[in-house]
Amino acid sequence: MSASHSVASGSPVRVRFAPSPTGYLHVGGARTALFNWLFARKLGGKFLLRIEDTDKARSTDESTAAIFEGLTWLGLQWDEEVVYQGGNLERHRRDANAMLERGLAYRCFCTPAELDERRKSAERAKTAFKYDRRCDRLDKDDLARRIAAGEPSVVRFRVADGATAWHDLVHETISFPNKDIEDFVILRSDGTPIYNMAVVSDDIAMGITHVMRGDDHISNTPKQILLYQALGASLPVFAHFPMIHGLDGKKLSKRHGATAVADYQHLGILPEAMNNFLALMGWSPGGDLEVMTRDDMIERFSTDHLLRKASVFDTKKLEWMNGQHLSRLTGDALVAAMTPSFIAAGLFADAAAVQAVHDWFATVLEDCKERARTTDQLVELARPFFPGQPLVIDTAAAAKHWADPAQAMEWLQAVRAHLAALTDWTDASIEADLKALATELGVGASPLFQATRIAVTGRGVGISITKTIFRVGREVSLANIDSALTHLAEQSAA
RNA sequence: GGCGCUAUCGUCUAGGGGACUAGGACACGGCCCUCUCAAGGCUGGAACACGGGUUCGAAUCCCGUUAGCGCUACCA
């Protein structure tokens with residue numbers, strides 16, 4: 001068994017998130033990035049970002065931009081300039097060639113078609129295919145002749161006998177018999193590096209001390225360890241996180257609906273809640289603590305509590321958690337967190353417009369926040385408080401609470417008269433007055449308040465209706481009741 | 001097929017030999033609060049995959065079985 005001594009424990013921590021830009025930033029990637037970020041923050045290390053764009057056919061600039069956007073939204077800021085793997089091709093090639101020159105790797109002239117054929121026949125014979133090293137047995141003259149003839153060749157790494165093992169931060173010891181690892185390709189016939197080669201070369205060059213990624217990379221790890229050793233570099237510490245699956249237990253994919261972090265951003269989820277929820281997929285602070293801020297998580301994060309089991313992404317709990325974070329936000333933080341959503345909803349032109357009415361806005365948010373689970377819901381809850389909102393009647397709510405239009409009109413007229421005559425305009429006095437009116441009319445407060453709610457806000461749900469009336473003011477309340485009355489009159493006439 | 005990883009309520013998890021008649025949270029049901037919706041409080045049902053060991057004692061340690069997932073490319 002080969003020694004797998006790790007980097008000196010005293011050296012500053014450097015971790016990286018290394019996505020390939022072949023799509024949006026999905027929740028699994030975000031979770032991996034989060035753990036790396038948390039780890040770096042906890043230990044006072046650096047969190048780096050590397051874009052693995054060596055697959056030219058599948059990599060796109062849009063994907064790279066989406067990854068930046070997603071990480072930025074989550075607040076997972078990287079500490080140094082972004083590294084583009086494609087920019088390091090020369091070094092990858094140099095490192096591979098160094099191994100070739102030192103006899104640790106060899107040229108292979110077998111064509112993809114030949115390999116494919118051998119693989120197929122192995123399958124037919126029901127035996128495991130493994131490259132048979134025939135090109136490693138080429139004699140010197142033959143080799144020289146074929147190189148001189150310009151025959152295309154790849155570079156293969158020669159895997160020695162023995163076993164390769166490491167101490168994984170989440171899995172303890174993992175060991176692979178080397179006989180199960182074939183002499184893998186490190187350089188394609190066009191001279192470009194294969195994944196494992198590029199990763200190891202870059203991780204060494206970037207001084208990565210801890211390689212923490214999804215456990216789908218476990219079987220790549222022994223190959224990478226072999227490369228580190230061949231290159232004479234000290235090994236990083238490895239940690240392999242479990243995967244995140246969909247409700248059906250399968251690896252998360254588009255079939256499962258929203259899997260991009262951007263989807264959740266647009267669904268009204270707070271980055272703080274997203275991080276919190278993601279952190280709990282494969283990690284726990286121990287005990288019963290669940291709702292945490294980013295600082296809470298940094299403080300408590302430890303690789304000791306990393307789980308090994310894949311977890312299922314259940315958005316129900318995400319929504320609940322979002323509601324928790326929403327109600328904990330106050331003052332400026334609440335205003336700041338909600339500003340983008342309100343601008344997107346067209347309720348404010350820009351951030352300056354928000355600042356102009358900052359205190360009023362903060363009060364409205366404070367009133368509404370506990371009733372909302374998502375920022376989208378909060379926007380809708382707060383909408384009636386914005387000046388100039390047309391009264392849009394929710395037909396389902398009207399059907400329920402204005403079931404008898406004639407009676408609804410009678411009630412609303414009474415409410416209107418009371419509000420118009422009220423001298424003391426406070427939440428408490430409005431409530432007392434309308435409750436007295438309900439008694440006077442011989443109805444419960446609930447049906448009267450609900451009927452009034454629709455008249456004033458158009459909706460069947462919202463915060464306390466008396467508080468709403470108080471806040472939007474007498475003028476708007478009466479105007480809305482008037483249009484509700486008109487609406488009801490037209491309806492009964494039709 | 002080969003190799004590897006994993007296995008506690010439907011879901012996220014606590015648990016690291018006795019404190020376990022297995023705790024919390026989401027979801028679901030009931031009750032309370034209540035002007036609706038939330039929030040909150042109380043409450044109900046709901047799990048250690050199976051089989052062998054080790055031990056005075058196992059959810060916890062070991063082995064096997066089963067199942068799921070991953071890798072098995074001149075993809076990353």
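Throughout, a chain's letter reflects where its sequence line sits, starting with A, and its residues are numbered from 1. Model, not experiment: these values are computed from the prediction.
One atom, CG of A:D180, and another, P of B:G2, lie 11 Å apart when rounded to the nearest Å. Rounded to an integer number of Å, the gap from CD1 of A:I186 to P of B:C74 is 13 Å. A straight line from CE of A:M197 to P of B:C74 spans 16 Å, rounded to a whole angstrom. Taking atom CG on A:N322 and atom P on B:A39, their separation rounds to 12 Å, with Å as the unit.
Within 4.0 Å (heavy atoms only), A:E52 reaches sugar-phosphate atoms of the nucleic acid but no base atom. A:I465 comes within contact range of at least one nucleobase, with a heavy-atom separation under 4.0 Å. Residue A:V185 is in sugar-phosphate contact alone, with no base atom involved, counting any heavy-atom pair closer than 4.0 Å across all strands shown. The residue A:N220 sits close to a base: some heavy atom pair falls under 4.0 Å. Across all strands, A:S464 comes closer than 4.0 Å to base atoms (heavy-atom distances). Residue A:G282 is classed as a sugar-phosphate contact, given heavy-atom separations below 4.0 Å to backbone atoms only. Residue A:K435 is in sugar-phosphate contact alone, with no base atom involved, counting any heavy-atom pair closer than 4.0 Å across all strands shown. Counting non-hydrogen atoms under 4.0 angstrom, A:H240 reaches nothing in the nucleic acid. As judged by a 4.0 angstrom heavy-atom cut-off over every strand, A:C368 is placed among residues making no nucleic acid contact. Using a 4.0 Å heavy-atom distance criterion, A:T192 is classed as making no nucleic acid contact. Among the heavy atoms of the strands lying under 4.0 Å from A:F176 are primed sugar atoms or P, OP1, OP2 only; no base atom is included.
Screening A:R133, A:R137, A:K223, A:R134 for a salt bridge (charged side-chain N to carboxylate O under 4.0 Å, His left out) with A:D183, the sole residue that qualifies is A:R133.
Judged by atom type and distance alone, A:S189 reaches the base of B:C74 through a side-chain donor-acceptor pair under 3.5 Å. A:R371 contributes a side-chain N or O that forms a donor-acceptor pair with the base of B:U36 under 3.5 Å. For B:C74, its base never sits under 3.5 Å from the side chain of A:T111 at any donor and acceptor pair. Counting atom types as modelled, A:K317 pairs a side-chain N or O with a base atom of B:A25 as donor and acceptor under 3.5 Å.
Judged by distance alone, with hydrogens and angles left aside, the side-chain atoms of A:D296 form a donor-acceptor pair with the main-chain N or O of A:T293 at under 3.5 Å.
Checking B:G51 for Watson-Crick or G-U wobble geometry (two distances, each under 3.5 Å) identifies B:C63 as its partner. Within the shown strands, B:C5 is the pairing partner of B:G68 under the Watson-Crick or G-U definition, both distances less than 3.5 Å. Taking a pair to require two hydrogen-bonding distances under 3.5 Å in either a Watson-Crick or a G-U wobble arrangement, B:A14 remains unpaired. Judged by Watson-Crick or G-U wobble contacts below 3.5 Å, the nucleotide B:A19 has no partner. In this structure, B:G44 and B:C28 make a Watson-Crick or G-U wobble pair, each of the two defining distances being under 3.5 angstrom.
Between A:Y195 and A:V461, the residue anchored closer to the 5' end of RNA chain B is A:V461, taking for each the nucleotide with the nearest heavy atom. Projected onto RNA chain B by closest heavy-atom contact, A:P19 and A:F449 fall at different nucleotides, the more 5' of which corresponds to A:F449.
The phosphate of B:C71 (OP1 or OP2) has no side-chain N or O of A:Q224 nearer than 4.0 angstrom. Considering only side-chain N and O atoms, A:H171 lies under 4.0 angstrom from the phosphate OP1 or OP2 of B:U6.
Here the side chain of A:R188 is nearest to one of B:C75, B:C71, B:C35, namely B:C75. Candidate nucleotides B:C75, B:G10, B:A39 were compared by shortest atom distance to the side chain of A:E370, and B:A39 ranks first. Closest to the A:L307 side chain, of the nucleotides B:C12, B:G1, B:U13, is B:U13. Set against B:A38, B:C74, B:A7, the side chain of A:P112 has B:C74 as its closest nucleotide. Closest to the side chain of A:S446, out of B:A76, B:U13, B:C35, is B:C35. Nearest nucleotide to the side chain of A:R156, out of B:C74, B:C71, B:C35: B:C74. Closest to the side chain of A:M281, from the set B:C5, B:U13, B:A76, is B:U13. Distance from the side chain of A:R308 is smallest for B:U6 among the nucleotides B:U6, B:C69, B:C26. Closest to the A:I174 side chain, of the nucleotides B:C35, B:C5, B:C26, is B:C5. The listed nucleotides are B:C35, B:C5, B:A39; the one nearest the side chain of A:Q324 is B:A39.
With respect to A:R373 and A:E380, no salt bridge is recorded, no charged nitrogen being found less than 4.0 Å from a carboxylate O. Taking the charged nitrogens against the carboxylate oxygens, A:E90 and A:R93 do have a contact shorter than 4.0 Å, which makes a salt bridge.
A side-chain donor from one of A:N178 and A:T164 sits under 3.5 Å from a side-chain acceptor of the other. One side chain, A:R453 or A:Q450, offers a donor N or O that lies under 3.5 Å from an acceptor on the other. Judged by distance alone, the side chains of A:T192 and A:D190 do bring a donor and an acceptor atom under 3.5 Å apart. Side-chain atoms of A:H240 and A:T221 form a donor-acceptor pair, as typed in the model, at a separation below 3.5 Å.
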